[in-house]
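What follows is a set of notes on a single structure, which appears directly below.
Everything numeric here is computed off the predicted structure, so don't read it as measured data. To find a chain, count down the sequence lines: A is the first, B the second, and so on, and within it residues start at 1.
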Amino acid sequence: MELSKNFNPSEVDSKWYQHWVDRGYFHSEPNDKPAYTVVIPPPNVTGVLHMGHCLNNTIQDILVRRARMQGMNPCWVPGTDHASIATEAKVVAMLRERGIAKSSLSRDEFLGYAWEWKEKYGGIILQQLRKMGCSLDWDRTSFTMDPAYYESVIKVFVDLYEKGKIYRGKRMINWDVRAKTALSDEEVIHKEVNGKMYHIRYKLDIPGDEFITIATVRPETIFGDTAICVHPKDDRYKHLVGKFAFVPMINRRIPIIADDYIDIEFGTGALKVTPAHDINDFNLGQKHGLEVIETLNEDGTMNEAAPMYIGKDRLEVRKIIAADLEASGNLVKLEDYVNQVGFSERTDAVVEPRLSLQWWVDMKKLAAPALEAVMSDEIQFHPAKFKNVYRHWMEGIKDWCISRQLWWGHRIPAWYDEEGNVYVAKNEEEVRIKFPATKGKTLTQDADCLDTWFSSWLWPIEVFKGMSNPNNGEINYYYPTSTLVTAPEIIFFWVARMIMAGEEYMGKIPFKDVYFTGIVRDKQGRKMSKSLGNSPDLLGLIDQYGADAVRFGIMIASPAGNDLLFDESTLEQGRNFNSKLWNAAKLLKMWEPRISHEGKLPEDAAFAMDWFQAKLSATQIEVDSMLKEFRLSEALKTIYGLIWDDYCSWYLEWIKPGFEQNIHADVYNRSIDFYDTLLQLLHPFMPFITEELHHALKTQTEDLCVKEYEPISKVDEAVLNAGALLKNVISSLRDARNKNQIKPKEAIDLHIQSAQNDTYKAIQNILAKQINAKSISFTDSAIASSIVVAYEKDKFYLVAEQAINTESLKENLLKDLAHQEGFLASVEKKLSNEKFVQNAKPEVLAVEQKKKADALARIQTIKESLAQL
RNA sequence: GGGAGCAUAGCUCAGUUGGUUUAGAGCACCUCGUUUACACCGAGGGGGUCCGCGGUUCGAACCCGUGUGCUCCCA
């Protein structure tokens, strides 16, 4: 097969992807082999592929492809998440564009539009994953709202309710005024915001014109104040405790109370207490039996509690209230203040604490085994530093608010009768059976949906129908899964809760290893985001560079456990690597017509092959251990170096036949096999080009994608060392040529003075070729008017026609001498230290003595060389 | 405010239980080079007070303390 001049990824990529799918290589069924199961972190059904997905899924594909080539039975399950808030927001926006208001639709009508939208746009992202080469088992594509999945989520709700682990309660929640729904704590993003601290004085209900001043960043909440609280030991206010004050503008009378919760140093030391709109105030209110006055409507506008601002947004009121307080004489001062404000993860609205009746999961009992599983390393986190983060959260865990005031999602299976009694069962029919008392009563189902994560925590179980059809053959074979690859951002949202669900419903952990990827940032270290516009178009990049180059670029820049600073130059490096791979194959194929079966195997070629075999085996072992520790980036770098430097720059040059010369059949075949092995090693990282070249090299009996790795052969250390010596000598001599400005075309005569002539004799042909020497001979004494190069204890004399630049030679030798003498001094210092000689381990001592001997010998060599100049 | 982590070449990172050469790699940079694989290339080279200070030790990039700077998580 003739190779084209250049590698053309666009044709090759789609050809092989289709081929792999057609052959069913990605499809898994339970069998006798060990399972290697990975479930994809299901992207939002609304999602389009971004750099984060690219990194995450490339890593998964590397692990899965490698497992396949190691003879395991890998199963990588694709799918999408219904993403309740995000999707509902998109559907609402789409309807608005069509001029339809959500409020004008019934629930069923709205869901009709939502499904329509999902069928049309949902899953675009899954198509995009194919372009990247992901070896997902498409026959298993799942969705968190598939019918069976939906039933499982409901089943879990009912079960946890019956176990007393789910309850309904009026509590302070995070309210998203844009989506008009409750949020869990994890869905709130805290950001620093420049605001104002308002010092507001409240007139006291005592004779005279006295005031008490409070400080707040949310002045609009004064309408919900039901007390002012001071520290009992605060001398400034002690005398006011038990008295009353008036809320400015509305003149409502509120008590002044004392509690040691108050920080005397903060603000004025007096706190306005608004139990309806702050969690701490709420707790304080509970303790002191304070009234709760709500001031906000669902959409964040003020209600009748603030008569002068009804219908105005609370942030708008914050801007205008200062003037009004000023007018009423209540504003003491305004100062700049930086504080932390919560924003909705999905809508970016400023979150308002709000008292609300919601459904909760009691997390304490669920958390215990899940914490233990990670702390005992039954589940291993990579990098392990995330264990701390996890422990910290799990130990301080709070109950999980799971109800969302949305329609798109799993509807809460709770029914209410007219008196407000609650009945929980999987459907109304079931309620009627379980609760005969409901006979004749009208029941209404809870309007709310469950938090998205209340379904995704079942993902590793339900993709194998482990909830809807417990104990089936697949769940028993594929569960627990092997490795979860995900972003550290969702360690609480998802990872922790999957572990809880796994322990609760399977009695087993859901996965053995969790690999946390870094966050993808731009060159300047900023997180990639839509608003910054610093997120590159991934599909455009794949078109431009090819999927392999993108995979290479993103992996080479992702050190384990660190963030990834995305820079297009690494994709260029990937593309260049593609070219290198392609050209090396072209070179090999060029020799094919000149294969000779006659004659003996040349000695130098035999050495080259032995050396490369040793180097290959040693590197395979290294790569193996790196991958076991999830050091994927380092493994790729190692393979890159093996191919580019050791195979292409050294090995191929060593065995390269002269101009129009033949190549020995053994050498040719061995070189092809080496290359094939290299392609196989690289395949999990760059699947397309390796498959293409695997077939281009020779007629193959199987595809690389499913070709199992051979056992690694033993490393011949002696040959490895001889090769290293050869490389070093070549480099030193080339350096000498360069420094003496000997033209590359000019052949030199080389004289070697060494105690190990046999070593050099075995490699002299290679050496001659690599440094362009027309002759090599061995000598016992110095050669006149030559360039002297000292390497270790050996000396090399280069004889060229050109005049020798004695000065620069001398300079180099002196530099080397200074270095060696400095080194010797440090070694001698150590060895003359009695305590070192007494305390150091014998092997350390031996090493130091050898260092000294070597240094002395080298100094001797350099001095001799200098003397000859 | 509480917690975690990081600081090594211009950049991104390795550096295993403290001793394996006076610290390595890739990219970038500089010099030279178009001999039939590849200029998306080849050969060679330069470049570091291992963040500062103090300590432990015969010996510290590595261990301890402290300061500074940065990042992340939680409230």
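Nucleic acid contact class of A:S649 (heavy atoms, under 4.0 Å, all strands): sugar-phosphate only. Residue A:W644 is in sugar-phosphate contact alone, with no base atom involved, counting any heavy-atom pair closer than 4.0 Å across all strands shown. Backbone-only contact: A:Y640 has heavy atoms under 4.0 Å from sugar-phosphate atoms and none from a base. At a threshold of 4.0 angstrom between heavy atoms, the contacts of A:R734 are confined to the sugar-phosphate backbone, with no base atom among them. Residue-level contact check: A:E653 touches the bases, meaning some heavy atom is under 4.0 Å from a base atom.
Atom-to-atom, CZ of A:F577 to C1' of B:rC41 comes out at 15 Å; the value is rounded to the nearest Å. Rounded to whole angstrom, the span from the CG atom of A:D645 across to the P atom of B:rG26 amounts to 7 Å. The distance between atom CD1 of A:I279 and atom P of B:rC74, rounded to the nearest whole Å, is 17 Å.
Ring centers of A:Y668 and A:W591: at least 6.0 Å apart, outside the cut-off.
Nearest nucleotide to the A:S731 side chain, out of B:rU21, B:rG42, B:rG44: B:rG44. Side-chain proximity of A:R521 to the nucleotides B:rC72, B:rG5, B:rC38 is greatest for B:rC72.
Residue whose closest nucleotide on RNA chain B sits further toward the 5' end, between A:S826 and A:S569: A:S826.
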Please list, for nucleotides 12-19 of chain B, all pairs of protein and nucleotide N/O atoms separated by less than 3.5 Å.
none

Under 3.5 Å, which N/O atoms of the protein pair with N/O atoms of nucleotides 31-35 of chain B?
none

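For A:K656, no side-chain nitrogen or oxygen approaches OP1 or OP2 of B:rC38 to under 4.0 Å. Look at A:N576 and you'll find a side-chain N or O under 4.0 angstrom from OP1 or OP2 of B:rC41.
Atom CD of A:Q849 is separated from atom CG of A:D854 by 12.0 Å, given to the nearest 0.5 angstrom.
Look at A:R354 and A:E352 and you find no salt bridge, because none of the NZ, NE, NH1 or NH2 atoms lies under 4.0 Å from a carboxylate O. A salt bridge does not link A:R575 to A:D548: none of the charged side-chain nitrogens sits closer than 4.0 Å to a carboxylate oxygen.
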Using Watson-Crick and G-U wobble pairs whose two distances are both under 3.5 Å, how do you write the pairing of RNA chain B as dot-bracket, with | for links to another strand? (((((((..((((.....[....)))).(((((.......))))).....(((((..]....)))))))))))).

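What you find for A:A773 and A:L750 is that their closest heavy atoms are CB-CB, 4.4 Å.
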